[in-house]
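Written below as C-alpha cells is the structure these notes are about.
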Amino acid sequence: MSVDFWSGKRVLVTGGAGLIGSATVWALNQRGCEEIVVCDLLGTSEKWRNLVPLRFADYLEGDALLPRLESGALGKFDVIFHLGACSATTERDSSYLMRNNYELTRDLAAWALRHSARFVYASSAATFGDGLNGMNDWQDADYLHSLRPLNAYGYSKHLFDLHALSTGWLSRIIGLKYFNVYGPNEDHKGDMRSVVHKAFAQVRDEGVIRLFKSYRDDYPDGGQQRDFLYVKDAVAMTLHLAETADASGLYNIGSGEAHTWLDLANALFAAFGREPNVEFIEMPESLRAKYQYFTQADTTKLRASGYKRRATPLGDAVADYVQNYLMHDRRLGDE
C-alpha cells in the first residue's frame with residue numbers, strides 16, 4: 001500500500017459511484033487520499049448509497065465534466081481514473097455507447113495528456129470477443145485489429161483501444177482490460193450484476209442456484225469458465241499500475257485463473273454453509289450467439305510491472321463478499 005505516493009495527490013474518478021469506481025475511492029481513502037472529485041450519472045438508481053461511507057472533496061454529474069474541465073473550473077488533477085461507462089453488454093443503442101464510452105474517453109484522455117495528468121481508463125475483456133485470437137494485452141496493431149467483440153459495448157471499448165494505439169497515446173496512458181469483476185457495491189447494476197449477487201437471494205430464499213445450460217458439446221452444463229476477479233483485487237491492481245511510473249499501455253486485470261460456474265456456485269453455497277443445489281435453465285435465444293464460454297486473463301505483463309500479490313482465492317473472496325457485505329447490506333467503507 002503506497003501511502004506516500006497518494007499524499008497530496010488530487011484525483012478524479014469517473015464512474016465513482018459504480019462498482020470499480022467506488023471501490024477505487026475506498027482504496028484511495030485507505031491510502032490517506034481524500035482530495036478526490038467523484039463524477040457519475042446517478043439518475044434514479046440507488047448507487048448513491050455506495051458514496052455514503054466514502055471520503056471525497058466534491059461530486060459532479062457526468063454531463064458537467066468536460067465543460068468544467070475545459071473552463072478550468074475544476075483545476076488540475078494528478079491522476080484521472082476514467083472508470084465511467086455504460087457496461088451493459090445487452091445495450092442496443094450503439095450511438096449512445098459510442099458517445100458515452102468512446103467519444104467521452106477520447107476527449108477526456110486528450111485533456112489529461114494536455115494537462116500532464118496520469119490517465120488510467122477502463123477497457124474490458126469484452127474486447128476479446130470469443131477469445132479465438134487469444135486474450136492478451138499486447139499492443140501490436142495486427143493483434144488488436146484481429147479482435148472481434150461480440151457486442152456493441154465491447155466494440156465501443158475496443159475502438160478506443162485502437163484509437164489510443166494509432167495516436168501513440170498508449171505509450172503515455174494505461175488501459176485496463178477488466179475481466180469478470182464482482183463484489184460489494186454492485187447491487188445497482190441490474191442484469192449486469194454478478195452471478196454471486198444474483199444467486200445470493202436464490203440461495204437465501206429458495207436454497208437453489210439457477211445457471212444457464214451450455215449449448216456447446218465441449219462445455220457441460222455449468223462447465224463454462226470465467227476469470228472471476230474480486231473487486232478488492234481489481235482496485236489493488238489498478239492503483240499499483242497508477243503508482244508505477246514506467247507502466248503504460250494495455251494490461252489484463254484478472255486473477256489469471258479460470259473457474260467454472262459450478263465452482264462459483266459451490267463457493268456460494270459454502271459461504272452459506274449449505275449443500276449445493278443447482279438447476280440449469282435455458283439461455284435466452286438473444287444471448288446464445290454472443291456468449292463467452294471461456295475467459296482467462298494472461299497476467300504476465302501485470303506481474304512484470306511488479307505486482308506480486310496473489311488474487312484472493314475464489315472461495316475466500318465469495319465468503320468475504322457474502323458474509324461481510326451481502327448478509328448485512330453493507331458497502332465498502334462500512335467495515
Side-chain angles (χ1 to χ4, degrees), residues 15 17-27 29-30 45-54 83 87 89 125 178-212 221-238 253-281 295-297 309-335:
L19 169 60
I20 300 176
S22 62
T24 298
V25 176
W26 167 78
N29 286 170
Q30 290 188 315
S45 77
E46 292 291 298
K47 63 182 175 180
W48 62 268
R49 296 179 63 197
N50 293 339
L51 297 176
V52 174
L54 306 179
L83 306 174
S87 60
T89 57
Y178 290 106
F179 278 65
N180 287 72
V181 179
Y182 68 97
N185 296 17
E186 66 168 316
D187 54 310
H188 64 281
K189 291 172 67 67
D191 284 345
M192 294 298 109
R193 289 172 297 146
S194 73
V195 167
V196 178
H197 192 285
K198 291 178 181 178
F200 170 79
Q202 294 176 13
V203 175
R204 180 193 61 197
D205 301 337
E206 304 174 58
V208 65
I209 289 178
R210 298 179 182 90
L211 298 176
F212 286 142
D221 291 341
Q224 307 97 314
Q225 297 181 59
R226 289 285 186 279
D227 188 327
F228 300 111
L229 182 67
Y230 199 33
V231 71
K232 293 182 180 182
D233 293 313
V235 297
M237 295 170 184
T238 298
I253 303 297
S255 71
E257 299 180 44
H259 289 91
T260 68
W261 289 113
L262 282 175
D263 291 335
L264 189 71
N266 290 338
L268 185 52
F269 280 109
F272 274 92
R274 299 188 185 184
E275 289 298 314
N277 179 19
V278 178
E279 295 178 4
F280 294 101
I281 61 175
T295 67
Q296 181 173 305
R309 287 175 50 180
R310 182 191 173 203
T312 308
L314 183 66
D316 294 345
V318 171
D320 181 55
Y321 184 18
V322 169
Q323 296 169 2
N324 295 320
Y325 296 95
L326 290 177
M327 285 183 175
H328 307 284
D329 193 24
R330 288 179 182 150
R331 267 65 180 169
L332 290 168
D334 283 332
E335 301 89 347

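Below, all heavy atoms of this structure are taken into account, side chains as well, without hydrogens, waters or symmetry copies.
At least one donor-acceptor pair under 3.5 Å links the side chain of R274 to the backbone N or O of V203. Under the 3.5 Å distance criterion, the side-chain polar atoms of E186 are left unmatched by any main-chain donor or acceptor of P184. In terms of modelled atom types and a separation under 3.5 Å, the side chain of E279 and the main chain of V208 share no donor-acceptor contact. In this structure, the side chain of Q202 does not engage the main chain of F200 through any donor-acceptor pair within 3.5 Å. At distances below 3.5 Å, not a single donor-acceptor pair connects side-chain atoms of D233 with backbone N or O atoms of A311. Looking at K198, its side chain never comes within 3.5 Å of a backbone N or O of R210 through a donor-acceptor pair. Side-chain atoms of D263 come within 3.5 Å of backbone atoms of T260 as a donor-acceptor pair (strictly under, hydrogens ignored). Looking at Y321, its side chain does come within 3.5 Å of a backbone N or O of G183 through a donor-acceptor pair.
You'll find the side chain of L211 reaches within 4.5 Å of the side chain of L262, heavy atoms only. Counting heavy atoms from C-beta outward, R226 and V195 have side chains that stay 4.5 Å or more apart.
Nearest heavy-atom pair, A23 versus V231, reported as atom, atom and distance to 0.1 Å: CB-CG2, 3.6 Å. Nearest heavy-atom pair across V181 and L19 is O-CD2, 3.8 Å. Contact between A271 and A319 at its shortest, heavy atoms only, is CB-CA, 4.0 Å. Pairing each heavy atom of N50 with each of A17, the nearest pair is ND2-O, 2.8 Å. Closest of all the heavy-atom pairs between H259 and F228 is O-CE1, 3.5 Å. Nearest heavy-atom pair, A258 versus Q225, reported as atom, atom and distance to 0.1 Å: CB-OE1, 3.5 Å.
Defined by atom type and a distance below 3.5 Å, a donor-acceptor pair is present between the side-chain atoms of S255 and D227.
D205 CG: more than 12 foreign heavy atoms inside a 6.0 Å radius. Around CD of E275, the count of heavy atoms belonging to other residues, nucleotides or ligands within 6.0 Å does not exceed 12.
With rounding to the nearest 0.5 Å, the separation of CZ in F269 from CG in L264 is 11.0 Å. F179 CZ to I253 CD1: the interatomic distance, rounded to the nearest 0.5 Å, is 9.5 Å. N180 CG to T295 OG1: the interatomic distance, rounded to the nearest 0.5 Å, is 4.5 Å. One finds the NZ atom of K232 at 10.0 Å from the CZ atom of R309 (value rounded to the nearest 0.5 Å). Interatomic distance, CG of L54 versus CG of N185, reported as 7.0 Å (0.5 Å rounding). Atom CG of residue N324 and atom CG of residue D334 lie 11.5 Å apart, to the nearest 0.5 angstrom.
A salt bridge links D187 and R331; the closest N-O separation between the charged side-chain nitrogens and carboxylate oxygens is under 4.0 Å.
Residues satisfying the side-chain hydrogen bond (donor to acceptor under 3.5 Å, both in side chains) criterion with Y182, sequence neighbours excluded, are absent altogether. Taking the side-chain hydrogen bond (donor to acceptor under 3.5 Å, both in side chains) definition, one finds that N266 meets it with nothing, sequence neighbours left out.
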### Task
Decide side chain to side chain contact (heavy atoms under 4.5 Å, CB included) for W48 and H188; before the verdict, give the C-alpha distance in whole Å, the side-chain angles of both, and the deciding distance to 0.1 Å.
CA-CA 9 Å; W48 62 268; H188 64 281; over 6 Å; no
### side chain to side chain contact (heavy atoms under 4.5 Å, CB included) between Y178 and T238, worked out
CA-CA 10 Å; Y178 290 106; T238 298; 2.7 Å; yes
### Message
Could you walk me through whether V25 and L51 satisfy the side chain to side chain contact (heavy atoms under 4.5 Å, CB included) test, starting with their C-alpha distance in whole Å, then the side-chain angles of each, then the deciding distance to 0.1 Å, before giving a yes or no?
### Response
CA-CA 9 Å; V25 176; L51 297 176; 5.8 Å; no
### Working for side chain to side chain contact (heavy atoms under 4.5 Å, CB included), residues D320 and Y325
CA-CA 7 Å; D320 181 55; Y325 296 95; 3.7 Å; yes
